[in-house]
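Heads up, the thing below is written out as structure tokens.
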Amino acid sequence: MVFAAPGEALARAEEVLGDRPPPLHASVAHQVIGIWQRDFGDMRLALTHLRRARAWAARADSAEREADVLATLGVALVHAGRTRQGMDALGRGVERGTGHTRARVLFRRAYSWWVLGHHREALEDVRRAVPVLRQAEDVIWTARALTLRATVHLALGSVERANADFTAAEALWDTTGQEHDKADAVESRGLAAFRAGDVPAALRLLDEAEERYAKLGTPTFMLNIRRCEVLMAAGLAAEALAEADAALRALDGIGGQSTRRAELLLAAARAARLAGEPQTAIARAALAVRLFAGQRRTWWETHARLVLIGARHAAGRGSGRLVADAAAVAERLAALGAPAAPEASLLAGRIALDLGWTADAERHLAVAARSRRGGPPLARMTGWAAQALRAQAAGSARGVLEACRRGLDVLDDHRMTLGASELRARATAQGAELAALAQKASVVSGGPRRLLVWSERWRATALSAPPTRPPADPALLSGMTAYREIAARAEEARMEGRPVPALEREQRRLEREIRSRTLHMRGGAPDGGDRFDVGRLLARLGDDDGQLVELAVLDGRVQVLLCGRGRVRRFEAGPLAAAESEAEHVQAGLRRLAHPGARARLPVVEAAGRRLEELLLGPAAAHLGDGPVVIVPPGRLHRVPWALLPSLRERVLSVSPSASSWLRARETAPPPGDRQVLVRGPGLATGGAEVSELAGRYGGATLLERDDATVPRVLRELDGAGLAHIAAHGAFRADGPLFSSLRMADGPLIVHDFERLDRSPYRIILSCCDTARFATVGADELLGLVTALLPLGTAGVVACSAPVNDAAVVPLMVALHESLGTGLSLAEALRDARAALPPDALHRATGWAFTAFGAA
């Protein structure tokens, strides 16, 4: 009962002890309380009760009872970090027990071997236990043994064997009422899905297991550890670190298992390393190493040492000693049969390369490179990274490019299994090193054209295909409706000055639920799609007599790739860090100019624009010609108000996340009918004054305002429209970019809502603040409102990257639509609209804040 209904079992055991039971019954009751405390509570109390259970078993003169208690006590001692005492108790239990009881003790010893990382010994004990348990028709313990054997197979990288055992165990669990064990089986299937490379299924199964554990009221620290693994593989390292640290606090609060504490510290160290916090990783990993060593857990200690060495290398502590340490860890992991061995060899080779030890580096990298031929996607990427570094050390640019191409192909296949746009974007971080190596090699071996191809190979790849449509999941749909209602109530309360903590807590809970369900979505079959073709790009630019400026970054400096007139030229501009800093100053200046009376700041902002041009375009600015210009900046520069740069100020200018994205937009056909939709949200300072005038201009347009401007109605009308204009308050969420929103009558219209459209509007104009802001994630990916629209059928967007003055927006929007009515593109119309504004600082700043994206 302690695993079927833990709370009830605890209460019943305490009730038995209150009735002065005979020794046999007292032993059972104390053992139940000990198990409960061991797995869900205080380890000190667990050991106290289990020692009492053993004493009562001795009084009952039952060798079988004593053997069973010794097994439970042994597991508890191992979890408390008293490894020798625990394994001694388990050994005595095997000696004391016979038949069926002995098989149960062997299972628990196998479990302890697994905890300690002794996988071969674990498999041997399970092998001896399973036939006896089956013969005794002990369904529960047979299912437990099969689940354990599957978990050990996973640790050794044998996914197929693990799945066979999980399937057999699940069939047995279906015949029992063991709810905790059933939840554990779901959790284990999540781990198997992760090892097989199916991240969405892993997240879904782990969430299901968490729901099952929650109903039982039992802590789930092993689940926390496994979810951290999956979150890290999904590119959510910061979330994994937060989860591990929260679980550590909870475990310490109840005086829980020392073994789980060490494992959580290891998970936190890995997450901190991936999140770019090497000092945090060093602290967590060093403590984990000490705990594992004290617990005599060599397997785990070796993995913790790998993370510690990697964190020290990331912190700039390269040395010959560190190479030797990484090589020793690689050898130990290989001897243990651990799948992480190639990762350790790659690390040893990488550190050796940094020191200029090419012979040592080649030896270690050659070992790591073997993993490129098989295994899960991330393991193969480790192998291709090693192969690329080998080629780089040998001076073979061709070898570098081939290894990088093969590695990024593996990543593409993996990425396309992910349905959620956020996961697709974040997953690209795993290919950042390969892409950077390829860019450097392409400069050496192929000139500007090849650099352009490799710049495109990893830029905004998450936008190369539409995300999987969110499922028609009733729970997801009702959650989004509830989210809108709560967010609207919270906004209303803030405006009235009422407290909102309870509403904000519920809003955050609903956000977590919505995001969790969208992360479960699987992508379609891997599809490489259209490969970028420089010739096709140049031909299309020739049709428009325009030029495309793609900004790449090599060794911290901006490289300008000027594409047009049949060729690609490369210029070197300034340091990226200086450009980022200057862009922040410009944004601050535009914010101030949005308020009347700040005209004295205009010369300062214009001077900053000139400095930005020098840093971002350098000598390329003199070669732009007179035609249209498309800017393709790296993700970290997408907040630059490009129209402020002197050489771009008076010309037709558009921005695109990638050249490939611009080509797709340029070749996207408008929908039939050219239907117009005008939307006016609540609470605008001007009341959305331009919408009334536009309604008169577009006689047949659909007008949604007041109570008609609800999220379901707006989405229904936007789907497949030719032109949409939305005047509504915009809010960018840096902490959750897919919850960036436009305020409608019934609450926020969020990015997740737009992803439900079959086809977003061909052209969309967002006359609101902050709609062109993005979160930069992954290698060079962008998450935000505009980037959600581009893969869904939108060919052109006008949006704003800064707060603007609502009154000054009205004439800009009216002039923009006047130009659109003459057949101009969004970029052409925006240029003419800026020129039509009054020349004062307020209106000029408003014009600079808006950008045309895409090619419509």
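For the residue pair Arg831/Ser819, the side-chain donor-acceptor check at 3.5 Å is not satisfied. For the residue pair Thr776 / Glu781, no side-chain donor-acceptor distance below 3.5 Å is found, with atom types taken as modelled.
The existence of a salt bridge linking Glu828 and Arg651 is excluded, since no basic side-chain nitrogen approaches an acidic carboxylate oxygen closer than 4.0 Å. Arg697 and Glu818 are joined by a salt bridge, as a carboxylate oxygen and a charged side-chain nitrogen come within less than 4.0 angstrom of each other. Taking 4.0 Å as the cut-off between side-chain N and carboxylate O, Glu492 and Arg489 do not count as a salt-bridged pair. Salt bridge Arg494/Glu491: present, at least one basic N to carboxylate O contact under 4.0 Å. By the 4.0 Å N-to-carboxylate-O rule, Arg680 lies too far from Glu690 to be salt-bridged with it. Ion pairing between a basic and an acidic side chain is recognised when a charged N comes within 4.0 Å of a carboxylate O; Glu717 and Arg713 show such pairing. Between Asp412 and Arg415 there is a salt bridge, with a side-chain nitrogen of the basic residue lying less than 4.0 Å from a carboxylate oxygen of the acidic one. Look at Arg457 and Asp409 and you find a salt bridge, because one of the NZ, NE, NH1 or NH2 atoms lies within 4.0 Å of a carboxylate O, short of that distance. Contact check on Glu504 versus Arg509 returns no salt bridge, with no Lys/Arg side-chain nitrogen under 4.0 Å from an Asp/Glu carboxylate oxygen.
Looking at heavy atoms from C-beta onward, Leu541 lies in side-chain contact with Trp662 at the 4.5 angstrom threshold. Contact check for Ser421 versus Leu738: side-chain heavy atoms found under the 4.5 Å cut-off. Contact of the Val751 side chain with the Thr787 side chain is not registered, since no non-hydrogen atoms from C-beta on lie closer than 4.5 Å. In this structure, Asp753 and Val711 have side chains that are in contact, with non-hydrogen atoms separated by less than 4.5 Å. Contact annotation: the side chain of Val549 never approaches that of Val630 to less than 4.5 Å [non-hydrogen atoms, C-beta and beyond]. Gln676 places none of its side-chain heavy atoms less than 4.5 Å from the side chain of Leu703. Side-chain contact check for Leu785 versus Leu742: some heavy-atom pair is nearer than 4.5 Å.
Here the shortest heavy-atom pairing between Ser767 and Phe850 reads CA-CE2, 4.0 Å. The shortest non-hydrogen separation linking Val679 to Val691 is O-CG2, 4.0 Å. Cys563 and Leu452 make their closest contact through SG-CD2, 3.7 Å (heavy atoms, listed as atom of the first residue, atom of the second, distance). Across Ala579 and Leu612, no two heavy atoms sit closer than the pair O-CD2, 3.7 Å. Nearest heavy-atom pair, Ala665 versus Ala855, reported as atom, atom and distance to 0.1 Å: CB-N, 3.8 Å. The two residues Leu617 and Val560 come nearest to each other via the heavy atoms O-CG2, 3.7 Å.
Thr794 contributes no side-chain N or O that, together with a main-chain N or O of Leu790, makes up a donor-acceptor pair within less than 3.5 Å. In this structure, Thr481 contributes its side chain and Leu477 its backbone to a donor-acceptor pair below 3.5 Å.
Partners of Ser647 by side-chain hydrogen bond (donor to acceptor under 3.5 Å, both in side chains), not counting sequence neighbours, listed by chain and number: Glu613.
Counting only residues at least two apart or in different chains, ring-ring contact (aromatic ring centres under 6.0 Å, His included) contacts with residues 714-744 comprise Tyr483-Phe739, His725-His817, Phe739-His752.
In summary, of the residues considered (His520, Met521, Arg756), a side chain to side chain contact (heavy atoms under 4.5 Å, CB included) with Leu476 occurs for Arg756 alone.
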